[in-house]
K.L.:
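Have a look at this one.
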2 protein chains.
Amino acid sequence: MTKIYLAEDQKMLNTALATLLGLEDDLDVIGTATDGNTALSEIVLKKPDVAILDIEMPKLSGLDVAQQIDVLKLTTKVIILTTFAKASYFEQAVDAHVNGYLLKDNPTDQLVQTIREVLDGKTVFSPELVTSILSAEKNPLTKREIDVLKEIKTGKNSKEIAKAVFLSDGTVRNYISSILSKTGTSSRIEALNIAEKNKWI
Amino acid sequence: MTKIYLAEDQKMLNTALATLLGLEDDLDVIGTATDGNTALSEIVLKKPDVAILDIEMPKLSGLDVAQQIDVLKLTTKVIILTTFAKASYFEQAVDAHVNGYLLKDNPTDQLVQTIREVLDGKTVFSPELVTSILSAEKNPLTKREIDVLKEIKTGKNSKEIAKAVFLSDGTVRNYISSILSKTGTSSRIEALNIAEKNKWI
DNA sequence: TCTATAATGTGACAAATGTCATATTAAGTC
DNA sequence: GACTTAATATGACATTTGTCACATTATAGA
């Protein structure tokens, strides 16, 4: 009997998947959580064979949980299950040596199949994910520009951003100018819209 | 046998719920869709007893589908199933005379129970939804201010907004000034953040 | 009927934003 | 070793943004 742990913060999906997976006669859902902290501690305790982790959860993200599982060298196989085909998420997942990365835009069959393949020792990435990442506009922003853009998102003005990232006000404005030119926009909000659409931040 | 139609654009949840509901021996899932258009035409054709509708779907929103069902005076009972406890969504749902409004932050049992209650002729609104709406900050913005704020969101500058909403540039800036004061902010981005947090736009 | 409030406008002003030219230093690449 | 890019900075400038005072008209409520 394969022991499954499921971490997913949307209860409707959490309970639905727990029930469905439990119906498979070789799978046993030994626990579920709706936040990352609970998930991590229970996974450490209960040592499931497979952990299915949503990314965006309260307290600790599924990627953080995956990373901890990797660091602690647990034998638990990890499958990330998320809505987001975002390059930076995917990279983090690969860094954490996850065994699978599946989008919620797949039917449940696919999840069951992924579980089986992962148990077989395979590593499984959603084909749509790979397509989506390969076809995505490559992020042209530098690290610091991304830092600045994230501060912009919170609504800070130039001076506040400067304080937050330890730069001069002028430098921040230069970075913003550069962000605008790279995104082909002429205001902070437009730049944010473009960057979010392309999943650069 | 109660005929259920399910419209939900996230395939993982769509398939999971379809399977689960199908397991109930008095319920029969006669069709599913991942967009509003398909849902509406199939509902018109197949006349299910209950339609479960997600709100944010491609082509036609669940609220639009609900409204059409109401206008066409179909006997199909409608349950809105959504992530969003947003006052304006709820109001639209009430206007469309839906029979239930359930948040995805509920377990599947709740959905099954809601289906049964709706079939019994009851009208069911998620308690968390009601709480959330009652405890929500009431939107202090006027209609025109909301119009302007929506334009701000697209990244337009004052002149462009003025054109878009047929106002003078000065008036737009006055409205923005008023929006900022009502939201207690000092920039467009902050105002957007507050308005989105409070689900005013 | 009086009184808010919404919707709309103008003009003036200070502050913030965005652009540009220019510069230094460090790191990485051919 | 030359070249490019990133990271950082300054100063000057034009434009945009946000504030404020003030004004008109329409409408809804007490």
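Just so we're clear, the structure is a prediction, and the values are computed from it rather than from any experiment. Throughout, protein chains are lettered first and strands after them, A, B, ... in sequence-line order, and every chain is numbered starting at 1.
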K.L.:
Which whole-number value in Å describes the distance from B:F166 CZ to C:dA7 C1'?
P.N.:
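The distance from CZ of B:F166 to C1' of C:dA7 comes to 16 Å, rounded to the nearest Å.
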K.L.:
Run the ring pair (Phe, Tyr, Trp, His ring centres under 6.0 Å) test against A:F90 and tell me which residues pass, sequence neighbours left out.
P.N.:
A:Y101, A:F125
K.L.:
Return yes if some donor-acceptor pair links the side-chain N/O of B:N157 with the main-chain N/O of B:K159 below 3.5 Å, else return no.
P.N.:
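Indeed, once roles are kept as given, a pair shorter than 3.5 Å links the two residues.
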K.L.:
Using atom CD1 of B:I161 as one end and atom C1' of C:dT8 as the other, report the distance to the nearest whole Å.
P.N.:
16 Å
K.L.:
Just N and O in the side chain of A:T142: are any of them under 4.0 Å from OP1 or OP2 of D:dA6?
P.N.:
no
K.L.:
Tell me, please, which residues at least two apart from B:T2 pass side-chain hydrogen bond (donor to acceptor under 3.5 Å, both in side chains).
P.N.:
none
K.L.:
Distance check needed: C:dA7 C1' versus B:K143 NZ, whole Å only.
P.N.:
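To the nearest whole Å, that distance equals 11 Å.
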K.L.:
Going by atom types only, do A:E56 and A:S61 share a side-chain donor-acceptor pair under 3.5 Å?
P.N.:
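Not at all, the side chains of A:E56 and A:S61 share no donor-acceptor pair under 3.5 Å.
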K.L.:
Treat primed atoms plus P, OP1 and OP2 as sugar-phosphate and everything else as base, then score nucleotides 13-30 of chain C 5' to 3': B for base contact with protein heavy atoms under 4.0 Å, S for sugar-phosphate contact only, - for none.
P.N.:
---SBBBB----------
K.L.:
Whole-Å distance between D:dA26 C1' and B:R144 CZ?
P.N.:
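Between C1' of D:dA26 and CZ of B:R144: 14 Å.
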K.L.:
Is B:E145 salt-bridged to B:K182, cutoff N-O under 4.0 Å?
P.N.:
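A salt bridge is present here (some side-chain N lies under 4.0 Å from a carboxylate O).
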K.L.:
To the nearest angstrom, how far is B:I146 atom CD1 from C:dA6 atom C1'?
P.N.:
13 Å
K.L.:
Does D:dT8 have OP1 or OP2 under 4.0 Å away from a side-chain N or O of A:S168?
P.N.:
no
K.L.:
A:S126 and side-chain contact (heavy atoms from CB on, under 4.5 Å): which partner among A:T82, A:I80, A:L103?
P.N.:
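Only one of A:T82, A:I80, A:L103 forms a side-chain contact (heavy atoms from CB on, under 4.5 Å) with A:S126, namely A:L103.
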